Amino acid sequence: MHAISTRPLPATSHGHDPPQTLVILGPDGAGKSTLIEALTRQLLNERIRARRLANAAARSWLTKFCRRSGITFPTFTQDFFETSIRGFNVARNMVSAAHSGGLSVMDRHLYCQLVLRRLRGHPSGLLLPWLAAKSTECARIILLDIDPHLAYERIVSRGKDHETLEYLSESRDEYLRLAQLHGWIILDASLSTSLLVEQLRLVIGK
Ligand SMILES: Nc1ncnc2c1ncn2[C@@H]1O[C@H](COP(=O)(O)OP(=O)(O)OP(=O)(O)O)[C@@H](O)[C@H]1O
Ligand SMILES: Cc1cn([C@H]2C[C@H](O)[C@@H](COP(=O)(O)O)O2)c(=O)[nH]c1=O
């Protein structure tokens, strides 16, 4: 684990179980959903309040729709569609996290759209970087870093979708660039899920 940020979680007025938000980012196949499920299950078994909140962008649905219908959207249209849906889910999940005590662990965030924009050769714009930073001000962000070959293997064995090695490699580089820029904590996704859960519990202090 490379702790490149030691920013403390902000205190709130929710008594001894204040809302805490953790955001897990990383390339496709890094193991984000698996890790969040394992962490929240373990905490709930110990009667510690925790929930997974997925900030999906419906990319999987859009890919299937395009394949079935034979329609291909320009990448700017795809970006508009995905960013709107992810933005809506982020807003909805932020409200949910703020109104629940305990830990909320978000699977993906607006930064994923910034990564996709970079990979598609689009400009980042001004609004999205600002919104991404503003909406994670009170959260702690973790990057699950993964070698693209391992991510590729995991996606193949999951058998749900397909990604190219090139996409996974560029995606990793961009996530690492953002992590250095913003001081996110980086975890090694090649470790076992149980070790990663332990590391996350150290980060959140639960
Ligand atoms: N630590 C791990 N060790 C070995 N295999 C893992 C680990 N974490 C996840 N996997 C496996 O890798 C595959 C991808 O995991 P998962 O779906 O959680 O990734 P993800 O980051 O949420 O992916 P996506 O963003 O594409 O939805 C799954 O088949 C899962 O069982
Ligand atoms: C790029 C791409 C991704 N997917 C899959 C990979 C993940 O499991 C989800 C990510 O969903 P989100 O909406 O970004 O949260 O979608 C896919 O099926 N097709 C793609 O082209």
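Note that the coordinates shown come from a computational prediction; the quantities given were computed from them, not determined experimentally. All values below come from the heavy atoms of this structure, side chains included, with hydrogens, waters and symmetry mates left out.
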Hey, are the side chains of [X] and [Y] touching, using non-hydrogen atoms and a 4.5 Å cut-off?
X      : Y      : result
Arg117 : Asp79  : yes
Arg201 : Leu39  : yes
Cys112 : Arg86  : yes
Leu110 : Ser135 : yes
Asp28  : Ser171 : no
Leu103 : Arg49  : no
Val197 : Leu195 : no
Asp145 : Asp188 : no

Quick one: do Leu196 and Leu144 satisfy side-chain contact (heavy atoms from CB on, under 4.5 Å)? Show the steps, please.
CA-CA 9 Å; Leu196 287 165; Leu144 208 45; 4.1 Å; yes
Which heavy atom of [X] sits nearest a heavy atom of [Y], and at what distance?
X      : Y      : answer
Leu119 : Glu170 : CD1-O, 3.7 Å
Gln113 : Ala57  : OE1-CB, 3.9 Å
Arg172 : Pro148 : NH1-CD, 3.7 Å
Leu143 : Ala179 : CD2-CB, 3.7 Å
Ala50  : Leu44  : O-CD2, 3.6 Å
Arg52  : Asp107 : NH2-OD2, 2.8 Å

Any donor-acceptor pair under 3.5 Å linking the side-chain atoms of [Y] with those of [X]?
X      : Y      : value
Gln78  : Arg59  : no
Thr136 : His109 : no
Arg51  : Ser104 : yes
Asn55  : Asn89  : no

Keeping Lys32 on the side-chain end and Gly26 on the backbone end, is there a donor-acceptor pair under 3.5 Å?
yes
More than 12 foreign heavy atoms under 6.0 Å from [atom1] of [X]: is that the case here?
X      : atom1 : result
His149 : NE2   : no
Glu166 : CD    : no
Leu126 : CG    : no

How long is the span from the [atom1] atom in [X] to the [atom2] atom in [Y], to the nearest 0.5 Å?
X      : Y      : atom1 : atom2 : result
Phe81  : Trp61  : CZ    : CH2   : 5.0 Å
Leu62  : Lys64  : CG    : NZ    : 11.5 Å
His122 : Leu128 : NE2   : CG    : 12.5 Å
Gln42  : Thr193 : CD    : OG1   : 11.0 Å
Ile36  : Arg41  : CD1   : CZ    : 12.5 Å
Glu153 : Leu165 : CD    : CG    : 10.0 Å

Hydrophobic cluster membership, [X] vs [Y], 4.5 Å side-chain cutoff:
X      : Y      : answer
Leu150 : Leu25  : no
Ile146 : Leu176 : no
Leu127 : Phe88  : no
Trp130 : Leu114 : yes
Val95  : Leu53  : no

May I have the step-by-step check of side-chain contact (heavy atoms from CB on, under 4.5 Å) for Met106 and Met94, ending in yes or no?
CA-CA 9 Å; Met106 294 195 177; Met94 280 177 75; 4.1 Å; yes
Any ion pair linking Glu82 and Arg120 (charged N to carboxylate O, less than 4.0 Å)?
yes
Between Val203 and Gln199, does the side-chain contact (heavy atoms from CB on, under 4.5 Å) criterion hold? Intermediate values first, please.
CA-CA 6 Å; Val203 170; Gln199 295 191 347; 5.7 Å; no
Taking side chain to side chain contact (heavy atoms under 4.5 Å, CB included) as the criterion, tell me which of Ile24, Leu178, Leu22, Val23 meets it with Ile141.
Val23
Given the side-chain rings of Tyr111 and Trp184, with only the six-membered ring counted for Trp, is the space between their centroids under 6.0 Å?
yes
Could you please spell out the steps behind the side-chain contact (heavy atoms from CB on, under 4.5 Å) verdict for Tyr167 and Tyr152?
CA-CA 10 Å; Tyr167 164 80; Tyr152 186 85; over 6 Å; no
